[in-house]
Number of protein chains: 2
Amino acid sequence: MIGGVSRNNAGLSADRIITEALRIIDGQGLRRLTMRRLGDALEVEAMAVYHHFPLGKEQLFDAIVEYITDVSRPRGTDAETDAGAEESDTEADGAAEDDRPWDERLRTWAHDYRAALLRHSGALPLFINRRPDTEAALRALELQYAAFAEAGLEGADIVRAASALEAYVTGAVIREVRGEGLASAQSAALDGRFGHVAHLGELTVDADQAFGDGLEALLRSLTSGTV
Amino acid sequence: MIGGVSRNNAGLSADRIITEALRIIDGQGLRRLTMRRLGDALEVEAMAVYHHFPLGKEQLFDAIVEYITDVSRPRGTDAETDAGAEESDTEADGAAEDDRPWDERLRTWAHDYRAALLRHSGALPLFINRRPDTEAALRALELQYAAFAEAGLEGADIVRAASALEAYVTGAVIREVRGEGLASAQSAALDGRFGHVAHLGELTVDADQAFGDGLEALLRSLTSGTV
DNA sequence: ACCTGAACACCGTTCAAGT
DNA sequence: ACCTGAACACCGTTCAAGT
């Protein structure tokens, strides 16, 4: 970033590659993200990507998942601005101390994580089967463990609560993405059978509201000793 | 199935193709399921598959998802036996009346669905972004709507409850699949930071038990009017 | 109706080469 | 160090042809 741009330096960087890959996924779908198309979008030969991700596409996928998981990263409108060194003023590294109550920290994380997943819902299939031991994932886990500990949980209860919270968010997002517009196409074929589905099929539910309500109920249930 | 086997009839059928595809997915992973490999496993030319799935691989994926979703289908040990016409004696079509209480019906569906997803966890990425308006999915939805109606819910509350239940199962399964063995690799890199993670990282949670407990809590919370 | 065989337009990745 | 260009072993899918 300091030196000049020589002939064979297209200004490629891992961040720029990830951002462009996400633009393709969001705009055209995961299946259309190919190394050659990615190269074209970056105005570079496809094989140049391998210099930044030597292990190939799988490593790029890992990086994309971590990028989305890192909900605390500052985001520009085009996600390409590099001017994001001003977030807390108290900590230099980004590990800012958060002195809000435990439930607000969890609420914020859940809503931010859901928003990130919805924003890049085309990348959702990448999240399955990818081990969550990245920096960003561990940061989120630490946040959750600390919050539930502050709420009074101990030991395995903390682990269970964090599992339930993460499962809730991903499950809710997947249901949201899968079910978009289910009500429209179905009413034709299901006259006699599926009476309840036919009857309730027209109902639409406010997804944001439903997510928020379910989150509150879950947090209550997790920290009240009934589970 | 009635006529004899002529020269150019390898005994291919949609069911046999789906079963073999799932065997490849379960054994080698989704990425290694290619039309050519599938043809080899079926001892047939790859292009023969297109006669049963004219729309190609995407249609095959749809069929695989529906196959897994249909948890009420009778299963042989090798899932290749065709002798499955004896399930209820009262209904011929498979739409057997279930006179158990609503909560037991939901419990059974949730545990069966989880088992099916875990059994074919390699196919999980296929479930995202695939509209759930198949026969099997509608049958499951009808089961859930009817049960929650019997539990006393009405209108949008029924829809929300069914959404929450489905989200719970898929979210729990994905977390289970993702998190397998997280505890092992992490303890190395996270000395100072991530104190809670380091401290709780060795704890293992019984996934079956956790799923059952969470399911009971969810059913209670959904049908007690607190959400 | 059901399957084959060759062909086409892609794909991920390797490797030697350029600057 | 960073990128190019050609090459290799694959893909999914189409299409004409066989029986």
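A note on names: the letters A, B, ... follow the listed sequences, proteins ahead of strands, and every chain is numbered from 1.
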*asked:* Parallel, tilted or perpendicular: which one describes the rings of A/Tyr168 and A/Phe211, with boundaries at 30° and 60°?
replied: parallel

*Taking OP1 and OP2 of C/dA1, is either one under 4.0 Å from a side-chain nitrogen or oxygen of B/His52?*
no

_Would the distance check show the side chain of B/Lys57 and the main-chain N or O of B/Thr34 forming a donor-acceptor pair, the cut-off being under 3.5 Å?_
no

*Donor-acceptor pair, B/Glu20 side chain versus B/Leu42 backbone, under 3.5 Å?*
no

*Complementary nucleotide of C/dC3, counting Watson-Crick and G-U pairs under 3.5 Å*: none

_Using Watson-Crick or G-U wobble geometry with both distances under 3.5 Å, which nucleotide pairs with C/dG12?_
D/dC8

*asked:* Assuming nearest nucleotide by heavy-atom distance, tell me which of A/His51 and A/Met47 is located more 5' along DNA chain D.
replied: A/His51

*Return no unless some side-chain N or O of A/Arg37 is found under 4.0 Å from OP1 or OP2 of C/dC11.*
yes

*A/Leu55 CG to C/dT14 C1': how many Å, rounded?*
14 Å

*Ignoring the backbone of B/Lys57, work out which of D/dT4, D/dG12, C/dC3 is nearest its side chain.*
D/dG12

_Interatomic distance, A/Arg73 atom CZ to A/Asp15 atom CG [nearest 0.5 angstrom]_ = 8.0 Å

_Length of the line joining A/Arg16:CZ and D/dC2:C1', which is rounded to integer Å_ = 13 Å

_In whole Å, I'd like the distance from the CG atom of A/Asp40 to the P atom of C/dG12._
12 Å

